[in-house]
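To keep things clear, I will list the structure first and then write my remarks on it.
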Amino acid sequence: MNWTYIEDLGKHVGKEVELRGWVHHRRSSGKLHFLVLRDGTGISQAVIFKGDVSPEVFELADKLSLESSVIVKGTVREDQRSPGGFEIGVKDLILVHQAEPYPIQPKEHGVDFLLTHRHLWLRSPKQTALMRIRDEAIKACRDFLDRRGFIMLDAPIFTPAACEGTSTLFQTDYFGMPAYLTQSGQLYMEAGAFALGRVYCFGPCFRAEKSKTRRHLTEFWMLEPEAAWYHLSDMMDLAEDLVCYLVERVLEKKKRELIILERDISKLEQVRKPFPRITYDEALKILEGKGIKIEWGNDLGGDEETVMSLNYDRPVMIHHYPSQIKAFYMARDEQRPELALGVDMLAPEGHGEIVGGGEREWRYEELTRRIKENNLPQEAFEWYLDLRRFGAAPHSGFGLGLERTLAWICGIHHIRETIPFPRMLERIYP
RNA sequence: UCCUCGGUAGCUCAGUUGGCAGAGCGGGUGGCUGUUAACCACUUUGUCGGGGGUUCGAGUCCCUCCCGAGGAGCCA
């Protein structure tokens with residue numbers, strides 16, 4: 001490789017380098033052109049004096065359209081007036097492709113326009129910063145669980161039936177049979193936990209709910225660890241450690257990107273153990289103290305979640321929900337069977353739920369009773385019931401919504417910007 | 001599915017009481033040796049979301065349909 005990336009310019013001060021990239025911005029001053037280049041690793045300025053280059057090159061620099069792809073050769077020098085602190089004094093410029101007039105300008109655009117041009121919008125500084133943080137967060141999730149002895153076990157995307165009967169699933173045609181896109185890998189992870197002890201999956205999940213809110217996508221990524229012998233408190237410890245590690249790792253490795261996103265970093269630095277752990281009953285009392293009355297047995301809505309999360313400077317875990325509002329597979333408290341051994345983690349600053357999970361029902365009779373109560377087709381769950389027939393054991397797990405977690409860490413209002421190509425209600429282009 | 005807001009130039013928007021379709025940005029042309037969303041001058045750009053109606057005359061008023069956004073419900 002005989003060219004240099006912008007992020008490495010500092011290593012080549014005084015030397016001649018070749019940059020390959022795109023025209024991010026251009027200014028001209030008669031006998032002097034400024035090209036702001038981006039190459040995926042950063043942004044830098046190329047300066048073209050009329051006297052330094054051939055007349056053809058100088059003429060060409062004046063004609064470059066935004067986002068044209070170019071190869072630039074010149075000498076690196078330190079200069080605080082250039083974005084990134086280094087600039088390149090151009091000696092030669094090669095136009096690889098002259099871009100057509102570029103639709104995205106350095107100004108405010110509407111959401112509809114930007115989403116329709118998502119394939120181009122991704123080139124913008126904030127969007128590339130988000131994608132770099134997303135990449136770091138994914139690696140951090142895997143590193144964390146790897147160090148804790150978890151094995152990654154991929155769950156299938158095609159599934160024969162619902163994991164949770166209540167949700168709407170995307171149906172597909174599977175050689176003439178109906179099949180569905182997975183909404184969670186959890187049930188398969190339960191099988192994996194009895195095979196390998198501690199496992200996780202990390203893949204896309206699909207929900208056909210007609211939800212039109214800033215917290216919903218129809219296709220999103222979920223990290224789902226599952227561990228045999230873990231009880232609710234063990235899982236809460238794991239979730240807490242995971243989220244702390246994610247935040248630490250992004251702060252350590254992606255501070256530059258957080259600054260591009262104008263994230264208040266001090267808010268992230270407050271994220272440390274222990275996270276407050278509050279029961280559902282206590283949460284109702286706290287909400288009542290704030291003038292919000294919820295009848296026992298009702299779920300916390302988006303507004304209540306926002307109020308709760310604004311109450312703390314770090315994520316809060318709410319556990320022991322009424323079992324009637326939780327999924328059929330969730331274990332119940334032995335002392336108070338009306339309560340489920342489940343936990344939700346709410347991110348601070350009003351970002352809402354990022355983790356949901358808990359202890360699973362592992363007794364055969366109890367689980368079959370729940371399947372009947374929920375009118376689920378038992379034949380589709382026979383394999384799942386087998387896990388309760390052959391060496392059943394207590395086990396727990398949770399799901400962490402990647403995009404919701406990123407929206408919180410990056411301080412982005414709507415989760416659609418945290419995934420490269422968001423899939424939403426009424427939007428599947430590009 | 002419901003509620004609210006919106007759809008005017010490539011983009012962001014203004015458009016008064018119903019009376020010639022506008023601005024900034026972008027594009028084009030020219031000028032400028034240190035610019036930072038550079039600046040200055042000139043110039044270019046329209047199925048006013050679609051259809052129907054009222055009217056001498058509709059971007060503007062009425063009906064209807066389509067599309068988008070925010071939220072609710074539902075959900076992670």
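Note that the coordinates shown come from a computational prediction; the quantities given were computed from them, not determined experimentally. Chain identifiers are assigned alphabetically (A, B, ...) following the order of the sequence lines, protein sequences preceding nucleic acid strands; residue numbering begins at 1 within each chain.
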Look at all strands and tell whether A:Lys50 reaches a base, only sugar-phosphate, or nothing, counting heavy atoms closer than 4.0 Å. nothing
Of the candidates B:rG34, B:rA76, B:rU35, the side chain of A:Phe220 sits closest to B:rA76
Is the Lys NZ or Arg CZ of A:Arg360 less than 6.0 Å from the centre of A:Trp362's six-membered ring, within 45° of the axis? no
Minimum-distance nucleotide to A:His109 side chain [options: B:rG68, B:rU33, B:rU12]: B:rU12
So which nucleotide from B:rA69, B:rG71, B:rU36 ends up closest to the side chain of A:Arg27? B:rU36
Counterpart residues, side chain to side chain contact (heavy atoms under 4.5 Å, CB included), relative to A:Arg198 (two or more places apart): A:Phe150, A:Ala227, A:Tyr230
Does A:Arg388 make a cation-pi contact with A:Tyr384, if we ask for NZ or CZ under 6.0 Å from the ring centre and within 45° of the axis? yes
Considering only the C1' atoms, how many Å lie between B:rA58 and B:rU16, rounded to the nearest integer? 15 Å
Side-chain contact check for A:His216: nearest option of B:rG27, B:rA76, B:rG34 is B:rA76
With P as the reference atom in both, quote the distance from B:rC65 to B:rC2 in angstrom, rounded to an integer. 11 Å
Of the candidates B:rA72, B:rC32, B:rA76, the side chain of A:Lys31 sits closest to B:rC32
Can you measure from CD1 (A:Ile88) to CD (A:Glu18) and round to the nearest 0.5 angstrom? 9.0 Å
How is A:Asp344 classified with respect to the nucleic acid when contacts are heavy atoms under 4.0 Å: base, sugar-phosphate, or nothing? nothing
When rounded to the nearest 0.5 Å, the distance separating SG of A:Cys205 from CD of A:Gln186 is 10.5 Å
Nucleotide paired to B:rA58 in any strand shown, Watson-Crick or G-U, under 3.5 Å: none
G-U wobble or Watson-Crick pairing nucleotide for B:rC75 (cut-off 3.5 Å, both distances): none
Would you say A:Phe34 stacks on B:rG34, if stacking means ring centres under 5.5 Å apart and planes within less than 30 degrees? no
Rounded to whole Å, the CG-P distance (A:Asp62 to B:rG30) equals 8 Å
Base of B:rU12 paired with side chain of A:Gln105 (donor-acceptor, under 3.5 Å): no
Candidates B:rC74, B:rA69, B:rU33 - which lies nearest the side chain of A:Glu209: B:rC74
Assign A:Gly110 to base, sugar-phosphate, or nothing according to its heavy-atom contacts below 4.0 angstrom with the strands shown. sugar-phosphate
Protein-nucleotide distance (A:Arg26, atom CZ; B:rU36, atom P), rounded to Å: 15 Å
Please determine whether a side-chain nitrogen or oxygen atom of A:Arg207 lies at a distance below 4.0 Å from atom OP1 or OP2 of B:rC74. no
Distance in Å, A:Tyr5 OH paired with A:Ser44 OG, rounded so as to fall on 0.5 Å steps: 15.5 Å
From the candidates B:rC75, B:rG73, B:rG68, the one with an atom nearest any side-chain atom of A:Arg404 is B:rC75
Rounded to whole Å, the NZ-P distance (A:Lys212 to B:rU1) equals 11 Å
On RNA chain B, nearest-nucleotide positions of A:Glu305 versus A:Pro83: which is more 5'? A:Pro83
Pick the P atom in B:rU45 and in B:rA9, then give their distance to the nearest Å. 15 Å
I'd like the P distance from B:rG59 over to B:rG52, given in whole Å. 14 Å
Write down the distance separating the P atoms in B:rU55 and B:rU60, rounded off to the nearest Å. 16 Å
When you measure from the side chain of A:Glu353, which nucleotide among B:rU33, B:rU12, B:rA76 comes out closest? B:rA76
If the C1' atom of B:rU4 is compared with that of B:rG73, how far apart are they to the nearest Å? 15 Å
Checking all strands, does A:Glu87 fall into the base, sugar-phosphate, or nothing category for heavy-atom contacts under 4.0 angstrom? base
Identify the nucleotide, in any strand shown, that forms a Watson-Crick or G-U wobble pair with B:rU45, with both distances under 3.5 Å; if there is none, say none. none
Roughly how far apart are A:Ile412 CD1 and A:His351 NE2, rounded to 0.5 Å? 8.5 Å
Give me each pair satisfying salt bridge (Lys or Arg N to Asp or Glu O under 4.0 Å) with a member in residues 57-69 of chain A, each pair once, sequence neighbours excluded. A:Arg26-A:Asp62, A:Arg38-A:Glu67, A:Glu59-A:Lys63, A:Glu67-A:Arg123
Can you tell me if A:His414 touches the phosphate of B:rG70, counting only side-chain N or O atoms and a distance under 4.0 Å to OP1 or OP2? yes
When we call it a touch if two heavy atoms are under 4.0 Å apart, what does A:Arg214 touch: a base, just sugar-phosphate, or nothing? sugar-phosphate
Between B:rG73, B:rC32, B:rG27, which nucleotide has the shortest distance from any of its atoms to the side chain of A:Pro101? B:rG27
Please state how far atom CG in A:Asp112 lies from atom C1' in B:rU12, giving the value in whole angstrom units. 14 Å
So which nucleotide does B:rG18 pair with, by the Watson-Crick or G-U wobble rule with both distances under 3.5 Å? none
Residue A:Phe113, side-chain atoms from C-beta onward, closest of B:rG71, B:rC11, B:rG34: B:rC11
How far does the C1' atom of B:rU43 sit from the matching atom of B:rU8, given to the nearest Å? 22 Å
Take A:Gln80 and A:Leu66, find for each the nucleotide of RNA chain B with the closest heavy atom, and name the residue whose nucleotide sits nearer the 5' end. A:Leu66
Sugar-phosphate, base or nothing in reach of A:Leu346, heavy atoms under 4.0 Å: nothing
For the P atoms, the ones on B:rG68 and on B:rU12, what distance do you get once it is rounded to whole angstrom? 16 Å
Is A:Ser65 touching bases, backbone alone, or none of the nucleic acid, heavy atoms closer than 4.0 Å? nothing
